[in-house]
Amino acid sequence: MSRAPRVLRFLAATSIVLASAATIRADEKASKPAAKTHGINPADMDTSVSACQDFNLYGNGGWLKANPIPADQSEWGSFEILDVQNRENLHKVLEKVSQASNAAGSDDQKVGDFYFTCMDEAAVEARGAAPLKPQFVAIENIQTQADLQAEIARLQLIGVDAVFNFGSDQDRKNASEVIAGAYQGGLGLPDRDYYTKTDDESKKIRDQYLAHVTKMFTLLGDPAARAAENAKAVLAFETRLAEASMTRVERRDPEKTYHRMSVSEASELTPNFSWTAYLKQIDSPPVVAINVAEPKFFEALSKELVATPLPVWKTYLCWHLIHTAAPSLSKKFVDENFDFYGKTLQGTPENEVRWKRCVSATDQALGFALGKAYVRDYFPPEAKARADAMVKNLIAALRADLAQLPWMGETTRKAALAKLDAFDPKIGYPDKWRDYSALTIDRGPYVLNVQRATDFENRRDLRKIGKPVDRTEWEMSPPTVNAYYNPQKNEIVFPAGILQPPFFDAKADDAVNYGAMGSVIGHEMTHGFDDQGRKFDALGNMHEWWTPDDLKNYEARSKCIEDQYDSYVYEGQHTNGKLVLGEATADLGGLAIAYRAYQMSRQGQPPVAPIDGLTDDQRLFLAWTRVWAANIRPELAKLLLNTNPHPLAQFRAIGPQSTLPEFAKAFGCKPGDPMVRKDQCQIW
């Protein structure tokens, strides 16, 4: 029910990632990470390619050839390899704890039993979808509008994406207050555009989705003809929801998704939906206000409640129940779910082996309980200390940059420096661990453990409504290979999972660490001052703190970045410069700030001798590009181009450098070379 803050990932980046690196079919050995090296490994490069022609192939060409995509992956790069490594470490923890005699109610008991029930494939197979029977019966027993709305509320609590999303929401204009938030949702395809686009590929995906929904209904026991009719009803209903939904580009503007209303005002917006009854059904604390993020969507929902017959509503809810539960059920459901969402949409030939899926599921359900053991065993205090020091150096470099930016006036500059001084960096793991004492996990049906864990998390989120904002809370568990900036808390967060090679290596030289992890840190920091960050002040309150002239100057410069990324093409499909503008701008800012922070750290010291024939400046820029080494399947690349606010990895590997004079100087690139853009985009 809740929503995550802005994330760095580079999502499959994931988070949800090249001229395209080839998609190569992997053999069994390719799924294992290569032997560790420290810093830049010359074998990863392809020096037959000029650095000034294609820096991605120059820096990553050897790695791309040597690292085909494993059959159970849709992308294979730094993030995926580190994620595999982390899961192997977590696997060791979970195998041990799941076989131990743990105290009832302890975190170890819950983590161990959750993992055990996931790994007990025989029990999962024997049960099939039977554990869901009471829930299907409840849907079938819907007789009235009140019944329907009550069932929507119940399903949402256990993680079913029934029509819309609801949870706590830090008020954007009063950052100390937690109110409720309601957001559009309810779709089975990745984005509303999949329902509305009329090109041949979109039509083909809709046909494949229709076949998938049909198959899932047949697996539940529906006759073929009825299953096909039910699938058509689902697609038609979801299409109406999609047509009422905002686009991803529209939703990038936080002002367009802020509509604070009282409960009575929300009720006026949706006369056929009772917010009072809904809040009671989800056991919400008293609600003073709701941010109805997309009012037109909720107006349309209200109309659908009376215009759409109850049998269609029942079919829709049954679909989303089985869709949500499928990965936790028997093999036939798992395989059909993967066939569409893994093979069709992402091009992945094979599903991951069971233990990998169970480790990921346990981390998702009990990440902060599992994270304690991870931090203890795999994140030493000295790693945290060195990362802390790097963050301080990056903040100092950004402060120096803000103090002299030519496009920023003095009034805005003063507010920007105050915001930077209020930054809250969080490194490795939280100071306060999450309390799971209210969560019941046992060795019964695995799918019910998943639902109880989701219900626990949703109720924990709802309990925040009406309370002061908890600025110590983390949105990502410690093993996560990711990072984020949250403008409403003015915080930058770097979990322990990402503070490892190739991002951060205690045994590598400083230039490499600044080029990789320093750029990631800088990326997140500059989000506080981009086209979205400028709308939130030092305390996290949403208001415009830039002068009109500064905004005009910034937008003129950011248009250069938008045009740059519009020009990047993957298999005939252009990157959407407006969609990726924030992340592309942060990539440029992060790399520029990291370079300056490194130079500041070298003041008063003798020059650094080249390593493997590479200067320290060259190694810094190569480290950034090395982070983005990735082979990707075309299906996933196209999915990300449609839905992800981050550019594809191959474009992140070359985009920032091509506008930095320091890069051209380091590699002797000349005007007219592909890696020296005619329009040098300069913001930071």
Side-chain angles (χ1 to χ4, degrees), residues 38-40 51 55 59 382-408 410 413-414 416-423 425 427 483 492 494 499 501-529 586-627 656-669 680-684:
H38 301 287
I40 302 299
F55 197 65
E382 55 267 27
K384 188 177 191 303
R386 191 169 176 188
D388 283 336
M390 183 179 287
V391 169
K392 291 178 182 177
N393 289 342
L394 267 293
I395 288 176
L398 181 54
R399 180 178 288 107
D401 196 55
L402 289 170
Q404 53 80 44
L405 285 176
W407 57 267
M408 185 177 283
E410 292 308 311
R413 193 185 320 279
K414 183 178 179 180
L417 290 169
K419 183 172 185 178
L420 180 62
D421 288 338
F423 261 27
I427 307 295
I492 48 176
F494 305 96
L499 294 170
F503 299 93
F504 181 76
D505 186 351
K507 296 182 179 181
D509 58 292
D510 282 346
V512 168
N513 278 326
Y514 273 89
M517 195 66 217
S519 296
V520 171
I521 295 168
H523 171 115
E524 294 303 343
M525 292 196 306
T526 61
H527 270 316
F529 310 94
D587 281 352
L588 173 59
L591 185 55
I593 297 301
Y595 178 84
R596 290 164 200 163
Y598 173 70
Q599 298 301 322
M600 290 172 63
S601 75
R602 297 296 309 161
Q603 289 179 0
Q605 299 186 40
V608 176
I611 301 175
D612 295 321
L614 297 167
T615 68
D616 54 340
D617 280 9
Q618 290 175 332
R619 291 169 66 76
L620 185 148
F621 290 117
L622 277 165
W624 167 260
T625 292
R626 177 63 188 85
V627 163
Q657 298 96 311
S658 65
T659 66
L660 289 176
E662 296 88 348
F663 167 82
K665 180 180 178 181
F667 287 92
C669 301
Q680 295 278 292
C681 304
Q682 294 183 349
I683 293 182
W684 304 105

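What you see is a predicted model; the values in this text were computed from it and never measured. Atom set for the values below is all heavy atoms of this structure, side chains included, hydrogens, waters and symmetry mates excluded.
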S.K.: Do you know the tightest heavy-atom contact between A592 and L660?
M.R.: CB-CD2, 4.1 Å

S.K.: I would like to know whether Q599 and R602 meet side chain to side chain donor-acceptor pair (under 3.5 Å); could you show each step before the answer?
M.R.: CA-CA 5 Å; Q599 298 301 322; R602 297 296 309 161; over 6 Å; no

S.K.: Judged by modelled atom types alone, do T625 and Q657 share a side-chain donor-acceptor pair under 3.5 Å?
M.R.: yes

S.K.: Please collect all side-chain hydrogen bond (donor to acceptor under 3.5 Å, both in side chains) contacts where either partner lies in residues 390-403, sequence neighbours excluded, each pair once.
M.R.: N393-Y514, R399-D421, D401-Q404, D401-R596

S.K.: Checking the side chain of Q680 only, and the main-chain atoms of S658 only, is there a donor and an acceptor separated by less than 3.5 Å?
M.R.: yes

S.K.: Answer yes if the ring centres of F621 and Y595 are under 6.0 angstrom apart, and no otherwise.
M.R.: yes

S.K.: Write down the atom of A623, the atom of A516, and the distance for their closest heavy-atom approach.
M.R.: CB-N, 3.8 Å

S.K.: Using 4.0 Å as the upper bound for N to carboxylate O, is an ion pair formed by E662 and K665?
M.R.: no

S.K.: Once you round to the nearest 0.5 Å, how far does CH2 of W407 lie from CH2 of W684?
M.R.: 5.0 Å

S.K.: Which distance, rounded to the nearest 0.5 Å, do you find between the CZ of F55 and the SG of C669?
M.R.: 8.0 Å

S.K.: Measure the CG-CG distance between L402 and L417 for me, rounded to the nearest 0.5 Å.
M.R.: 5.5 Å

S.K.: For the CD1 atom of I492 and the NE2 atom of H523, what is their distance to the nearest 0.5 Å?
M.R.: 11.5 Å

S.K.: When you compare the side chain of S519 with that of E524, does any pair of heavy atoms fall below 4.5 Å?
M.R.: no

S.K.: Using a strict 4.0 Å threshold on nitrogen-to-oxygen distance, state whether R386 and D505 make a salt bridge.
M.R.: no

S.K.: What distance separates D616 CG from Y598 OH, expressed to the nearest 0.5 Å?
M.R.: 3.5 Å

S.K.: In chain order, what residues pass the side chain to side chain donor-acceptor pair (under 3.5 Å) check against R626, with sequence neighbours excluded?
M.R.: D44, S78

S.K.: How far apart are the closest heavy atoms of L420 and I395, and which atoms are they?
M.R.: CD2-O, 3.7 Å

S.K.: Show the numbers, then the answer: is there a side chain to side chain contact (heavy atoms under 4.5 Å, CB included) between I593 and T526?
M.R.: CA-CA 9 Å; I593 297 301; T526 61; 4.3 Å; yes

S.K.: Where do F504 and F494 land on the ring-ring contact (aromatic ring centres under 6.0 Å, His included) test, with the steps shown first?
M.R.: CA-CA 11 Å; F504 181 76; F494 305 96; over 10 Å; no

S.K.: Taking the side chain as every heavy atom from C-beta outward, state whether F663 and L591 have any pair of such atoms under 4.5 Å apart.
M.R.: no

S.K.: Between F423 and F529, how do the two ring planes meet: parallel, tilted or perpendicular, split at 30° and 60°?
M.R.: parallel

S.K.: Between D587 and P656, which heavy-atom pair has the shortest distance, and what is it?
M.R.: CB-CG, 3.8 Å

S.K.: Quick check against the 3.5 Å criterion: does R619 have a side-chain atom that pairs as donor or acceptor with the backbone of L614?
M.R.: no

S.K.: If every non-hydrogen atom of L394 is compared with every non-hydrogen atom of G518, which pair is closest and at what distance?
M.R.: CD1-O, 3.5 Å

S.K.: Nearest 0.5 Å, what's the CD1-CD distance between I611 and Q618?
M.R.: 11.5 Å

S.K.: If every non-hydrogen atom of N513 is compared with every non-hydrogen atom of A508, which pair is closest and at what distance?
M.R.: ND2-O, 3.8 Å

